[in-house]
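Here's the structure, in structure tokens; my notes come after.
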2 protein chains.
Amino acid sequence: MSVTLKQLAASLGLSPTTVSRALNGFPEVNAETRKRVQDAAERAQYRPNTRAKSLATGRSMAIAHVIPVSTSHEIVNPVFADFIAGAGESYSRAGYEMLLRVTSDAEEAQTYRDLIARGAVDGFMVQAPKISDPRVDLLSEMGVPFVIHGRTSDIARPYSWLDINNQRSFRRATRFLIDLGHRRIALINGLEHLDFAARRRRGYLEGLESAGIGPDPDLMRQAEMTEPYGYRSLTEMMRLRSPPTAFLSSSMIVAYGLRRGLTDLGLRMGRDVSVITHDDDLSYLPNDGDVPVFTATRSSVREAGRRAAQMLLQLVKDPQCGPLTELMETALTVGASTGPAP
Amino acid sequence: MSVTLKQLAASLGLSPTTVSRALNGFPEVNAETRKRVQDAAERAQYRPNTRAKSLATGRSMAIAHVIPVSTSHEIVNPVFADFIAGAGESYSRAGYEMLLRVTSDAEEAQTYRDLIARGAVDGFMVQAPKISDPRVDLLSEMGVPFVIHGRTSDIARPYSWLDINNQRSFRRATRFLIDLGHRRIALINGLEHLDFAARRRRGYLEGLESAGIGPDPDLMRQAEMTEPYGYRSLTEMMRLRSPPTAFLSSSMIVAYGLRRGLTDLGLRMGRDVSVITHDDDLSYLPNDGDVPVFTATRSSVREAGRRAAQMLLQLVKDPQCGPLTELMETALTVGASTGPAP
DNA sequence: TCGTCAATTCAATACGGTTTGAAGATCATG
DNA sequence: CATGATCTTCAAACCGTATTGAATTGACGA
């Protein structure tokens, strides 16, 4: 169906060796011959067979994202898609393929081993790390390049990661609210067995502590980040004897729920109650304009995908280039959802 | 690093041929020998090299999803992720890999050609088809198996697709509102150069027409489906001299915006103004409970992914099995967001 | 005992590239 | 002109699997 190297060589009266070298930029090829080969390749729409190439070179030119689907926690969320898209851009640019492998929770470790044993990929991108995530040990022991989007805790072994500064970000947001006079600040967090959520909680607690405010368990929640979760959290907390005057939310969607709760109670966001949310800068959850609707800690998850992929490719090229790490700071963009404590 | 067939054969004192046949279930292998080989393969954690295998068989055991990233329209939306996840489940189960290839709008056609010419994949899943989508002709002429998630119009050539009955769904939703006494019904649609949106519009118009209601351009909008878009549409339309009493929304997120607009105006959804939305049944945009918040035309996009992938795999196995098509009906689930016209 | 046949196994080749080591052509040098 | 060095090209081997066609073995019937 497609032209092969051999056919191309035959049509030129050359050996496959020479054609291969001509196309791959080896120096020992006559300039005129190279030109001739390149032109012919162009005309014939020649494309080297990926499989054959990787068999010969031993590099598969592919990166896998392993996606466990479980009943307990849904990894297929809005952030997931944008991260993938960002990473995909980097892979494409570098001539790498992206393999998405959906697997069950129970088979996850075996899936990683399989992909390597079959020579299907050169490295892994690890998403949604938990606190003390076992994948770090697993992949380290396999000796395969990998990058974690996020971090994990309580792990002695060094590893490569790209994360946003969740702790600092939420500490700062908390301080921001405190500086506005708020003392009763609620945290509407994601599931805290996930590392990012645990760090946000820590930042929140630090912020409170730095102002001498003791944490109140009634003002801290964790759950899957949905709109109804935000709504429920808000309405329930506003019924407390001493309700919060400000909320810290882990996602735009949760913030939508918070806002709805407020309106239902006849309260105005930014005046009666303040809200700060984390904003992953997703195109279909916009929060821009002259004055953004929400005051937010913003960081593009798509950009994170791009960069994490670049790190991984670098690691694949030179596994010795040591654990690479990158900590992205978030931007605290002030919008209309915050104001002085009433 | 990993065991090869040759090594396994040597360790057993057998030829690679026999080992290969033993593992692949050929009948001409002695039962005892087969057992011995299988045990050894198990013990050595033998996994056939994907690349070598597909080079030898000519089948790459991979399906590609090509994702164009453009400035004009964002394909990386919530629906996209869940569809991918569903399809991935089917691929995994069948031993196929899923390749995600991010490409620019301009290079899209070339990307399809490339992947085939390089022997990287056996077929394509096509997402987010436009009206009269050029990819049908492109892929048909390439003679490669593909399935479209959705449909496209004005194309004579038959092709394989899996779609939900958008037209019927929106006609029914419109009729539902009309039966409740509504006459001024607004359509807050997605971008109508996308086929699904065009069909929804058609269904909406049919519904109106069947009741003798003429369409009103002031009550029809299309745009990227975001929350602010829903909000803006609602507030603007409610300012019309004769505002709508009901809204038809193309996505949960848009419906969130509609609801917010209503509350801001002091109107109650389901009493003062009715809302029906399409619901793709995404886990992080839940709309369930005894009485769902929104009356919705519901259809799991994840399930669509599963089925579309199965269709594609069938098509890959037997390209002659003709264009396969599947039209999934949506479920009209009645929630709290609709009521008799005031 | 010999030929036939079925049951097993194997050597050789193919898939489409890359890479190694050697060979042929060209050139300058003494 | 012989020698060696430099360019340029090529035949052959290799990557890890599947498959074709032939070889080996043992059982069976004549």
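Computed from a prediction, not measured in an experiment: that's the story for all the values here. Chain letters run A, B, ... following the sequence lines, proteins first, then strands; residues in each count from 1.
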Determine all donor-acceptor pairs shorter than 3.5 Å in which one atom belongs to a side chain in residues 38-48 of chain B; sequence neighbours excluded.
residue: B/Asp39; atom: OD1; partner: B/Lys35; partner atom: NZ; Å: 3.2
residue: B/Asp39; atom: OD2; partner: B/Lys35; partner atom: NZ; Å: 3.0
residue: B/Arg47; atom: NE; partner: A/Asp114; partner atom: OD1; Å: 2.6

With a cut-off of 3.5 Å and sequence neighbours excluded, list every side-chain donor-acceptor pair involving residues 317-326 of chain B.
residue: B/Asp318; atom: OD1; partner: B/Gln320; partner atom: N; Å: 3.0
residue: B/Glu326; atom: OE2; partner: B/Arg307; partner atom: NH1; Å: 2.3

Give the table of side-chain donor-acceptor pairs shorter than 3.5 Å for residues 126-135 of chain B, with sequence neighbours excluded, one pair per line with atom names and distance.
residue: B/Gln127; atom: OE1; partner: B/His65; partner atom: ND1; Å: 3.0
residue: B/Asp133; atom: OD1; partner: B/Arg135; partner atom: N; Å: 2.9
residue: B/Asp133; atom: OD1; partner: B/Arg135; partner atom: NE; Å: 2.8
residue: B/Asp133; atom: OD2; partner: B/Lys130; partner atom: N; Å: 2.8
residue: B/Asp133; atom: OD2; partner: B/Arg135; partner atom: NE; Å: 3.4
residue: B/Asp133; atom: OD2; partner: B/Arg135; partner atom: NH2; Å: 2.9
residue: B/Arg135; atom: NH1; partner: B/Glu108; partner atom: OE2; Å: 3.2
residue: B/Arg135; atom: NH1; partner: B/Gln127; partner atom: O; Å: 3.4
residue: B/Arg135; atom: NH2; partner: B/Gln127; partner atom: O; Å: 3.1
residue: B/Arg135; atom: NH2; partner: B/Ala128; partner atom: O; Å: 3.2

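Residues satisfying the ring-ring contact (aromatic ring centres under 6.0 Å, His included) criterion with B/Phe83, sequence neighbours excluded, are B/His149. Checked against ring-ring contact (aromatic ring centres under 6.0 Å, His included), A/Tyr112 has the following partners two or more places apart in sequence or in another chain: A/Phe124.
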For this session: Would you give a per-nucleotide map of nucleotides 6-20 of chain C, 5' to 3', where B means the base has a protein non-hydrogen atom under 4.0 Å away, S means only the sugar-phosphate does, and - means neither?
Result: --BBBBB--BBBBBB
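To the nearest angstrom, P of D/dT19 lies 11 Å from CZ of B/Arg59.
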